[in-house]
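Notes to accompany the following structure.
Just so you know, ligand 1 is whichever comes first in the structure, and atom 1 is the first atom listed for that ligand. All figures in this text were calculated on a predicted structure; none of them were measured in a lab.
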Amino acid sequence: MPGLLGRRATPRRYLMCSPAHFKVTYSINPWMDPAKPVDVPLAVAQWEDLRDRYRSLGHTVEELVPRAGLPDMVYAANGATVVDGRVLGARFAYAEREAEAEAHLDWFRAHDYDEIHEPLHINEGEGDFAVTASYVLAGRGFRASPLSHGEAQEFFGRPVIGLDLVDPRYYHLDTALAVLDDAADEVMYYPGAFSPGSRAVLERLFPDALIATEADAAALGLNAVSDGLNVLLPQAAWGLLDPLRERGFTPVAMDLSELLKGGGSVKCCTQELRP
Ligand code: ARG
C-alpha cells in the first residue's frame, strides 16, 4: 500500500544472525564496556522482534547460524555487501571478528551465489558501505581501508563516494547515515560525524537530506533500515519520528537496547541481499 506522498515499500530480502552467543568481552568501539552485563535472553527477544517485524512487513529474512566464540556475529550487516546479486565479502579490521567473514562466505556459497569476491582490503560490509540509486557511499577513518573503496567500485561497477568519519562514536558509516529511499538518492545523516570536506560532498549530493540532531545520532537513530516506506529505527531516537512522517515515511520504533551495548542497532543487525 503506498503511503503519504506516494511512498511505497518494496519487498526486501535480509540476512540476520541471532544473538544467541552475543557478549561484550572486548572493546573495539566506544559503546562497548565489558564491565556492563548483557542480558542474552533479552537480546534474543529484541532481535526476534526485529526479525518478525520485517516478516510482518512482507520481507524475507534469512538466518545465518550464529557461532560460539563470535559474539559480534549478530551484527550481520558487517559480513558482506550484496549489490545486483554480487557478493563482496568482508575483511575485518580486528582479529576478534576475523572469522565472521568466512561464516558469511560459506552462507553465500551454500545459497547459490556465484559471483563472490573475497576482498584484498579491509571492509566491514554494510557497516561502511551504503547503497543509493546512483552511488555506493563508503565510510573510512576507523574500519574500512580507503583502498577497499576502489575495490568495491571495480567489483560493483558503481561510483563509490568516499566519506571520512571523524568521531569514534560513529565508527561505521551506518552509525551516521541511513538510506531512506534507494530508488532515489534520499538519505538522512548526522553532519558532526564527518570531516568538513565530506560534509560538503554530502550537501552537494544530497541537498534535501534529512539532517539528524546530535541527540538522535547519539541514540544510534541513524542505524536505521528503510524499505522505501517503513523506516525501522531505535526507539530512543524519537526526534526523528516527526521529520520522517513529514516526508511520508512510516517510522517503526524498535527496542534493541541490549544490542546497543555492542555498539549496534537495527541496521547493524540487518544485511540487505540486493537482487
Ligand atoms: N561490536 C561491533 C564492532 O564494533 C559492532 C558492529 C556494529 N555494526 C555496524 N554495522 N555498525 O565491530
Side-chain angles (χ1 to χ4, degrees), residues 14-38 40 43 46-47 50 64 66-67 69-82 88-101 103-104 122-131 136-145 148 152 163 165 167-179 187-190 193-194 212 217-226 232-234 237 254 256-273:
Y14 299 124
L15 180 62
M16 297 180 69
C17 181
S18 160
H21 299 297
F22 178 57
K23 284 187 189 124
V24 180
T25 48
Y26 51 82
S27 179
I28 55 174
N29 71 54
W31 303 82
M32 300 174 83
D33 178 358
K36 255 197 224 160
V38 168
V40 175
Q46 293 175 339
W47 178 89
L50 177 64
L64 183 63
R67 297 190 185 173
L70 295 176
D72 272 337
M73 212 174 150
V74 59
Y75 304 111
N78 299 134
T81 306
V82 184
L88 174 62
R91 184 181 281 265
F92 285 85
Y94 292 99
E96 290 90 337
R97 299 196 67 187
E98 237 164 50
E100 293 179 42
H104 279 259
I122 289 172
N123 88 70
E124 297 192 335
E126 294 192 305
D128 277 318
F129 289 128
V131 183
V136 175
L137 305 178
R140 61 187 174 215
F142 297 101
R143 301 289 178 91
S145 156
S148 73
L163 298 168
L165 297 164
D167 181 334
R169 286 176 302 168
Y170 308 109
Y171 57 95
H172 270 149
L173 181 64
D174 73 357
T175 61
L177 179 146
V179 178
V187 302
M188 60 177 176
Y189 67 93
Y190 171 55
F194 297 92
L220 272 196
L222 295 160
N223 201 247
V225 170
S226 173
L232 287 76
L233 78 172
M254 304 300 305
L256 288 174
S257 58
E258 289 308 299
L259 280 321
L260 197 64
K261 294 176 180 170
S265 189
V266 174
K267 174 60 207 173
C268 297
C269 294
T270 313
Q271 184 189 134
E272 183 162 354
L273 306 171

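- Of all atoms in ligand 1, listed by their number and element, those nearer than 4.0 Å to a heavy atom of M32 are 1 (N).
- Residue-to-ligand polar distances keep G263 apart from ligand 1: every N/O pair is separated by 3.5 Å or more.
- With ligand atoms numbered from 1 in the order given, ligand 1 contributes 1 (N), 2 (C), 5 (C) to contacts under 4.0 Å with heavy atoms of G262.
- The two residues M16 and C269 come nearest to each other via the heavy atoms CG-O, 3.4 Å.
- Annotation for ligand 1: atoms under 4.0 Å from non-hydrogen atoms of Y171 are 4 (O), 5 (C), 6 (C), 7 (C), 11 (N).
- With ligand atoms numbered from 1 in the order given, ligand 1 contributes 8 (N), 9 (C), 10 (N), 11 (N) to contacts under 4.0 Å with heavy atoms of H172.
- Applying the 4.0 Å criterion to heavy atoms of Y75 picks out, from ligand 1, the atoms 1 (N), 2 (C), 5 (C), 6 (C), 7 (C), 8 (N).
- Using a 4.5 Å heavy-atom threshold, the side chains of V24 and F22 count as touching.
- Between D174 and E124, every side-chain heavy-atom pair lies at or beyond the 4.5 Å cut-off.
- Polar contact check, E124 against ligand 1: no nitrogen or oxygen pair lies under 3.5 Å apart.
- For a threshold of 3.5 Å applied to N or O pairs, the pair formed by E126 and ligand 1 contains no separation below that value.
- With a 4.5 Å cut-off on side-chain heavy atoms, S27 and P34 count as touching.
- Using a 4.5 Å cut-off on side-chain heavy atoms (C-beta onward), H21 and M73 make no contact.
- Ligand-side atoms of ligand 1 in range of R143: 3 (C), 4 (O), 12 (O), range being under 4.0 angstrom from any heavy atom.
- Considering H104, R97, E100 in turn, R97 is the only one that fulfils the side chain to side chain donor-acceptor pair (under 3.5 Å) rule with N78.
- A 4.5 Å side-chain heavy-atom check between N29 and F142 finds every atom pair outside the cut-off.
- Close approach of ligand 1 to D72 is summarised as follows: ligand atoms under 4.0 Å from at least one heavy atom of the residue are 1 (N), 2 (C), 3 (C).
- In this structure, atom 12 (O) of ligand 1 lies nearest to the protein heavy atom R97 NH1, 2.7 Å.
- For the pair K267 and ligand 1, no heavy-atom separation below 4.0 Å is found.
- The residue among D174, L259, I28 with a heavy atom at the shortest distance from atom 10 (N) of ligand 1 is D174.
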(message) With side chain to side chain contact (heavy atoms under 4.5 Å, CB included) as the criterion, how do K23 and V38 come out once you've worked through the C-alpha distance, each side chain's angles and the decisive distance to 0.1 Å?
(response) CA-CA 6 Å; K23 284 187 189 124; V38 168; 6.0 Å; no
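- We find the OG1-CE distance between T25 and M32 to be 7.0 Å, quoted to the nearest 0.5 Å.
- Shortest contact from atom 4 (O) of ligand 1 to any protein heavy atom: N29 ND2, 2.7 Å.
- Atom 9 (C) of ligand 1 has its closest protein heavy atom at C268 SG, 2.6 Å.
- Remark: of the listed residues L220, V74, N223, L256, N223 is the sole one forming a side-chain contact (heavy atoms from CB on, under 4.5 Å) with C268.
- Heavy-atom proximity to G127, at under 4.0 Å, picks out these atoms of ligand 1: 10 (N).
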